[in-house]
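This structure is a prediction, so every number in the text was calculated from the model and none was measured. Computed from heavy atoms alone, side chains included, the values below leave out hydrogens, waters and symmetry copies. Labels below follow one simple rule: chain letters A, B, ... track the order of the sequence lines, proteins then strands, and each chain is numbered from 1.
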Amino acid sequence: MLDIKLIREQGETVHNQLNRRGPGTSADLDRLLEIDKQRRDALNQSQTLKNKKKTLSAEVGNLKKKGQDASGPMEEVKQLNVQIKEWDDKSNSLDEQVRSTLLKIPNLPSETTPDGADESQNQEVRQWGGKPSFDFKPKNHVELGETLGLLDLKRAAKISGARFAVFKGQGAALLRALIQFMLNTQTRDNGYEELYPPVLVNEDSLMGTGQLPKFEEDLFKLRDDELFLIPTAEVPVTNYHRDEILPEESLPVKYAAYTLCFRREAGSYGKDTQGIIRQHQFDKVELVKFVKPEHSYDELEKLVADAESILQKLNLHYRVVNLCTGDLGFSAAKTYDLEVWLPSQNTYREISSCSNFTDYQARRAMIRYKGKDGGKPELVHTLNGSGLAAGRLFVAVLENYQQADGSIQIPEPLQLYLNGQTQLG
RNA sequence: GGAGAGGUGGCCGAGUGGUUGAAGGCGCACGCUUGGAAAGCGUGUGUAGGCUUAUACCCUACCGAGGGUUCGAAUCCCUCCCUCUCCGCCA
């Protein structure tokens, strides 16, 4: 959520920054300011009257104590109450309008986020490693996985439907090894504390991180309870500190969380229908940070490096992309995607998305910090990034480590997690 | 699911209709004291909104959330949420 004061004081700048995301993004601003003005007027009216009421009530108390007649001020307060109720109703309703409008306005893009209409205008920042060369035609992960008995997509469709997978035997073990490897790396080497949170969350949590109210159609919702399945661990982990004031000296706070993630994928019909690239249910290790505002962009660079370290240890070729304004997520100010090389598609595919949300989520979720020496609490900046998406990493390992005979070589760092095994199939 | 207890400031804990943002204690900050420290003494110590150049002053609100009664509610009434204990059920 943007700061209403910022909109009041620098409306022009906010307007321009928002419209970098696309024409019309800031359409509501003038109307918003008008409502806000009315809201403050109503509030002032109500507060003035309440002040009067307080004085009169005290007078009633005093008069009664002395045994004198208090019916005059009592009657006066009764009439004040009618007016107060009117102004309060008005100001509450206007306040609600301001809030609901603000909740639907996205974050301002960073200065360092490139302008662009869609993903084709994302900026490649760097590449790491090199494309593997094959002296045979590399197979895709579906063919590899099904031939080797690692994946069973047909039965998954029978059990649940499209966009679900069964990982089987060595495939299940590999997925588990990847998760374990990622968690260990992030907690032991990169200094994150592990959290294992609920995957069902309430509406407030989804408001806090920005999935609601605008993107309900992307979420699985329970029918009989006001709960949603999380689309990412960002939701429970960021909301872990909702409505809290963190001690300044505890920052930066860094968490790594493995969870299942659930997405309806409405609106992506026909995309990635083959295989396990795009699933309704997938596994992910997520990294979340709470930091001081002045450090958040440095922390974003470190976060990306932490996510990259997984791909580097597994020696997988990838590139880092700075998302342009047209591709930038709703709550983010700046996002780097990590895209891993997939030989079968002869292209890079997103395997991690690392974002700085500045104070946008913190203001929605009221996550602040305060120094020891007093002073006002200030909003933290929140960041998060996949470290990494396990299903897609599974795909990358299969495709990049496939051998001419159809077997899969197991990357050295994973062998420890697979009882020393060196290949699959 | 059944029965009961409870939700007050960073923490503990008073407070059952009157000026209480809230006693007392702990913690914390600053000062005095000291060779230094402890103890002791003193002062201060919530959040949001409005107003504002201002994190100053002032005003309003907040004692789990929402509604109600009343001139006046942390205190009374209603609804909901959460926590704890016992029983049942269960991975």
Side-chain angles (χ1 to χ4, degrees), chain A residues 1-10 32-103 196-208 222 224-228 236 239-251 253 260 292-294 359 362-380:
Chain A
M1 188 160 70
L2 298 182
D3 187 356
I4 184 74
K5 284 183 188 157
L6 182 74
I7 299 176
R8 269 183 223 148
E9 288 156 20
Q10 298 183 52
L32 176 64
L33 284 174
E34 178 51 33
I35 297 171
D36 177 54
K37 178 80 177 71
Q38 290 175 22
R39 177 194 133 251
R40 283 182 293 154
D41 289 345
L43 192 60
N44 274 324
Q45 292 287 352
S46 153
Q47 290 188 353
T48 308
L49 295 173
K50 277 180 182 164
N51 185 237
K52 236 184 241 176
K53 167 180 170 173
K54 260 191 153 178
T55 315
L56 286 170
S57 286
E59 206 180 313
V60 172
N62 283 325
L63 287 172
K64 288 206 164 182
K65 214 176 281 175
K66 291 187 218 155
Q68 296 176 353
D69 173 46
S71 57
M74 275 168 71
E75 192 49 43
E76 227 177 306
V77 174
K78 271 194 177 176
Q79 298 187 1
L80 278 179
N81 278 336
V82 178
Q83 297 178 54
I84 288 172
K85 178 98 170 64
E86 277 172 22
W87 287 113
D88 272 351
D89 286 350
K90 194 166 176 184
S91 114
N92 286 340
S93 134
L94 289 164
D95 191 60
E96 192 45 51
Q97 288 180 54
V98 168
R99 187 175 162 74
S100 71
T101 306
L102 279 174
L103 284 174
Y196 185 74
V199 297
L200 284 172
V201 297
N202 58 34
E203 202 170 311
D204 287 345
S205 294
L206 290 156
M207 286 286 178
L222 299 206
D224 295 330
D225 299 276
E226 280 301 310
L227 291 170
F228 297 79
N239 280 281
Y240 184 67
H241 287 302
R242 172 151 51 87
D243 296 322
E244 289 185 20
I245 300 174
L246 306 171
E248 182 173 18
E249 63 272 20
S250 72
L251 302 178
V253 173
L260 280 167
K292 292 173 74 169
E294 60 267 35
D359 61 10
R363 185 171 293 105
R364 284 172 161 250
M366 282 300 274
I367 308 169
R368 294 169 292 170
Y369 74 96
K370 191 165 128 174
K372 257 202 156 95
D373 46 331
K376 282 269 177 194
E378 281 190 62
L379 294 168
V380 299

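Atom CD in A:Gln38 sits roughly 17 Å away from atom C1' in B:rG50 (whole-Å rounding). Between the CD atom of A:Glu96 and the P atom of B:rG66 there is a distance of 13 Å, rounded to whole Å. For the pair A:Lys85 NZ and B:rU60 C1', the interatomic distance rounds to 18 Å; values are reported in whole Å. As rounded to whole Å, 14 Å separates atom P of B:rA29 from atom CD of A:Glu248. Between A:Tyr369 atom OH and B:rG10 atom P the separation is 19 Å, expressed in whole Å. Whole-Å rounding puts the A:Lys50 NZ to B:rA61 C1' distance at 7 Å. Across the protein-nucleic acid pair, A:Trp87 atom CH2 and B:rG50 atom P stand 17 Å apart, rounded to whole Å. The separation between A:Leu49 atom CG and B:rC59 atom P is 16 Å, rounded to whole Å.
Applying the side chain to side chain contact (heavy atoms under 4.5 Å, CB included) test to A:Glu378 and every residue at least two apart in sequence or in another chain returns A:Tyr369. Under the side chain to side chain contact (heavy atoms under 4.5 Å, CB included) criterion, A:Met1 pairs with A:Arg99, A:Leu102, A:Leu103, A:Arg363, A:Arg364, sequence neighbours left out. In this view, A:Lys85 and A:Asp89 satisfy the salt bridge (charged side-chain N to carboxylate O under 4.0 Å, His left out) rule, not counting sequence neighbours. A search for salt bridge (charged side-chain N to carboxylate O under 4.0 Å, His left out) contacts involving A:Asp95 returns A:Arg39, not counting sequence neighbours. For A:Asp41, the salt bridge (charged side-chain N to carboxylate O under 4.0 Å, His left out) criterion is met by A:Lys37, not counting sequence neighbours. In this view, A:Glu244 and A:His241, A:Leu246 satisfy the side chain to side chain contact (heavy atoms under 4.5 Å, CB included) rule, not counting sequence neighbours. Residues passing the side chain to side chain contact (heavy atoms under 4.5 Å, CB included) test with A:Lys64, sequence neighbours excluded: A:Val60, A:Ala70, A:Met74.
Taking a 6.0 Å sphere around NZ of A:Lys90, one finds it holds 12 or fewer heavy atoms contributed by other residues, nucleotides or ligands.
Rounded to the nearest Å, the gap between the C1' atom of B:rU85 and that of B:rG27 is 30 Å. One P atom belongs to B:rG31, the other to B:rA22, and the distance between them is 26 Å to the nearest Å. Between B:rA65 and B:rA74, the distance separating the two C1' atoms is 15 Å to the nearest Å. Look at the P atom in both B:rC59 and B:rC78: the space between them is 36 Å, to the nearest Å. The gap from the P atom of B:rG25 to that of B:rC80 amounts to 40 Å, rounded to the nearest Å. Comparing B:rG40 with B:rU34, their C1' atoms are spaced 12 Å from each other, to the whole Å. Look at the C1' atom in both B:rG4 and B:rU8: the space between them is 22 Å, to the nearest Å. Taking atom C1' on both nucleotides, B:rU47 is separated from B:rG21 by 11 Å, rounded to a whole Å.
At a threshold of 4.0 angstrom between heavy atoms, the contacts of A:Arg99 with the nucleic acid are absent. Nucleic acid contact for A:Lys5: sugar-phosphate only, since backbone atoms but no base atoms lie under 4.0 Å from a heavy atom of the residue.
Counting only heavy atoms from C-beta on, A:Lys65 has its side chain closest to B:rU19 among B:rG50, B:rA61, B:rU19.
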Provide a list of protein-nucleic acid N or O atom pairs under 3.5 angstrom, restricted to nucleotides 46-48 of chain B.
residue	atom	partner	partner atom	Å
B:rU47	OP1	A:Lys370	NZ	2.8
B:rU47	O3'	A:Arg368	NH1	2.9
B:rA48	OP1	A:Arg368	NH1	2.5
B:rA48	OP2	A:Lys376	NZ	3.3

For nucleotides 69-73 of chain B, which of its nitrogen or oxygen atoms have a protein nitrogen or oxygen under 3.5 Å away, and what is each distance?
residue	atom	partner	partner atom	Å
B:rC71	O2'	A:Ser57	OG	3.1
B:rC71	N4	A:Lys64	NZ	3.4
B:rG72	OP1	A:Asn81	ND2	3.0
B:rG72	O4'	A:Ser57	OG	3.4

Identify the pairs formed between an N or O of the protein and an N or O of nucleotides 80-84 of chain B at a distance under 3.5 Å, and give each distance.
none

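Between A:Leu251 and A:Lys292 the shortest heavy-atom distance is CD1-CG, 3.6 Å. Minimum interatomic distance between A:Ala362 and A:Leu379 (heavy atoms only, all atoms of both residues): O-CD2, 3.6 Å. Considering every non-hydrogen atom in both A:Lys53 and A:Asn81, the closest pair reads NZ-OD1, 2.9 Å. The minimum heavy-atom distance linking A:Asn239 with A:Ser205 is given by the pair ND2-O, 2.7 Å.
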For a quick test of your reading: what N or O donor-acceptor pairs under 3.5 Å do the side chains of residues 42-49 of chain A make, sequence neighbours left out?
residue	atom	partner	partner atom	Å
A:Asn44	ND2	A:Arg40	O	3.3
A:Ser46	OG	A:Asp88	OD1	2.7
A:Thr48	OG1	A:Asn44	O	2.7

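Under the 3.5 Å distance criterion, with hydrogens and angles disregarded, no donor-acceptor pair is assigned to the side chains of A:Gln83 and A:Gln79.
Nearest-nucleotide positions on RNA chain B place A:Arg40 closer to the 5' end than the other of A:Asn92 and A:Arg40. Each of A:Asn51 and A:Glu9 has a nearest nucleotide on RNA chain B; the 5'-most of these lies closest to A:Glu9.
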Would you sketch RNA chain B in dot-bracket for me? Only Watson-Crick or G-U wobble pairs with both distances under 3.5 Å count, crossing pairs as [ ], other-strand pairs as |, the rest as dots.
((((((((.[[[..)..(.....]]]((((((.......))))))(((((.......))))).[[[[[..)....]]]]])))))))....
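Side-chain atoms of A:Leu32 and A:Val98, non-hydrogen and from C-beta on, do get closer than 4.5 Å to each other.
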